[in-house]
Amino acid sequence: MSVQLLHSLVLVLAALALFAAFAVLGQARLLAAIHAFAWQGALVAAVTLTVAVAESAPELYFSAVLTFSLKALLIPWMLHRLVRRLGLSRHLDRPQHPMLATVFAVGMVMFAYWLVLPLVQSSLAFTRNIVAISLAVVLIGLLTLVVRRQAVAQVLGFMAMENGLFLAAVSATHGMPLVVELGVAFDVLIAAVLFGVFFFQLRESIDSLDVDRLDRLNEAREDQP
Amino acid sequence: MGGDAVNAADTVLAVAQALLWPLAAPLLVGWVRKAKAMLQNRRGASVLQPARNLGKLFAKETRVAHTASPLFRVTPYIVFTATWLAAAAVPLLSTHLYTAALADVIVVAGLLGLARFFLALAGMDVGTAFGGMGASREMMVSGMAEPALLMAVFTLAMSAHSTNLSSVVDHQLTGGTLLPSMLFALGSLILVAVAETGRIPIDNPTTHLELTMIHEAMVLEYSGRHLALLEWAAQIRLLLYGTLIANVFFPWGIATTAHPAAWGIALAALAGKLLVLGAALAVGETVLAKKRLFQAPAFLSLAFLFALIGLISHVILEQGL
């Protein structure tokens, strides 16, 4: 494949990853949001793979495989199983103002672009333009944490942030050192396990995964004489 | 003298291209219906059936409600002319006609908006409940589809540095790499085309069920040649969006010279592309169910989001390429 084609393929994949971040933010069905997250993981892995081929950087093959198996297969599967065991497969969690959240997310993308502009002008790597996209994915993940009320969806936002950070590492410096990458990957995996335990604890104590109920419980306690 | 001869040949070609629109439009609709029937294990009517229907309607007597104003009578002519004019501005077979200077995409959107405006007025004119309901629904759908359409068009225009469709097509022919902005603009334009031509997730073109119809509700009071003109205009609009998608995003085969062989290739290529697009539309209409009217905003905001991401990714990702 020609280098030109590989370069434009990276751009397309990165743009699709950005769209997946929007899907995680706006998708009301939990299972569909998990699928969007899985697609995002697969797209980030594909970006890594394409950069590895284009720059002939063999160490990136390993991170591509790691990302794909963790972010696109294992963690979505774990979340999927959790959602089914919690009986939430048909649960709808609409953000309060979906359009407003989307518009805000578009604003985030522009902010990320403005922030990264000096960096882009000084960099020579062909992936320099993706740095803004990856920062935008991080910010949209953060926004998902803020806007969503459902604990599973918030975890998705958190994991999407990690995807964005990984994309930034790949596009800005062609990957982190392998030790760091492995450490982060297993941290995320442990986090996914812990979140599972946390979901069950949360449901036992407040009988729901709607995080907004947490402060309502406080008020109820204050109201008691 | 030589210049005059070229101009005469150009004029003939321009007129031929403009005349091809109304002739080809019923065939495309016929093909979509045929493909849909085959997917449903039916034999389906002939591809020529929509054209025969138009002929039948032209032969029938035209009745007008006695509460109708003159606006009701002139609307079919305005709608048909505006739609045809909009279509004639889109490069169908060739980009190098001198009418190409008119082929501005904002003009096309404006002419289609004009046609829709009069159609909605005529829907309300007679004073029946269905007409008004259809008009308000049409306005709701188009009010959200048009920003998405314009946003997708701006994405194209930023790549080609022109809103002229012929320049856009030429740019696509020369600069053929895979670009994320084009991908998203294509997605957005497909969703907008489905909404604007009244196809299935938004409107069902074959139903007269009062709770769901949009376009059919507006033309419910029309009969005879008025109805024929309005249906013909709707068919031309479908062909317009199909050609827009086919020629802007997959421009291979379009004639760039006035040579007869180039025109033959262009005609064959266009027919092939439209056959594929029509079959895709039929498959889409078979696997999808019509959405509730109140889910239309979600559908169209997805189109808008596609266009917006296309625009953003053009600005962010494609600089310096």
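None of the values given here were measured: they were computed from a predicted structure. Letters A, B, ... are given to chains in the order of the sequence lines, protein chains preceding strands, and every chain is numbered from 1.
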> Where on Ile316(B) is there a heavy atom nearer than 4.5 Å to chain A: the side chain, the backbone, both, or neither?
Replying inline: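 Looking at Ile316(B), backbone and side chain both touch chain A.
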> Checking heavy atoms, do the side chain of Phe304(B), its backbone, both or neither come under 4.5 Å from chain A?
Replying inline: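 Nothing of Phe304(B), per the 4.5 Å heavy-atom cut-off to chain A.
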> Just checking heavy atoms, which of residues 104-115 of chain A are less than 4.5 Å from chain B?
Replying inline: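 Within residues 104-115 of chain A, near chain B: Val106(A), Val109(A), Met110(A), Tyr113(A).
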> Are there residues of residues 13-43 of chain A that reach to under 4.5 Å of chain B by heavy atoms, and which ones?
Replying inline: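 Contacts with chain B: Ala15(A), Leu16(A), Leu18(A), Phe19(A), Phe22(A).
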>> Can you confirm whether Leu11(A) sits close enough to Leu179(B) that some side-chain heavy atom of one is under 4.5 Å from a side-chain heavy atom of the other?
In response: no
> In this structure, are over 12 heavy atoms from other groups packed under 6.0 Å from Phe158(A) atom CZ?
Replying inline: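 Atom CZ in Phe158(A) is not crowded, with 12 or fewer foreign heavy atoms closer than 6.0 Å.
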>> For Ala145(B), give me all partners under side-chain contact (heavy atoms from CB on, under 4.5 Å), at least two apart in sequence or on another chain.
In response: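 Scan of Ala145(B) (side-chain contact (heavy atoms from CB on, under 4.5 Å), adjacent residues dropped) gives Val192(B), Glu196(B), Leu300(B).
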>> Going by salt bridge (Lys or Arg N to Asp or Glu O under 4.0 Å), name the pairs with one or both residues in residues 151-171 of chain A, residues two or more places apart or in two chains.
In response: Lys71(A)-Glu162(A)
>> Looking at every heavy atom in both Val12(A) and Leu183(B), which two are closest together, and how far apart are they?
In response: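 Smallest heavy-atom distance, with atoms named: CG1-CD2, 3.6 Å.
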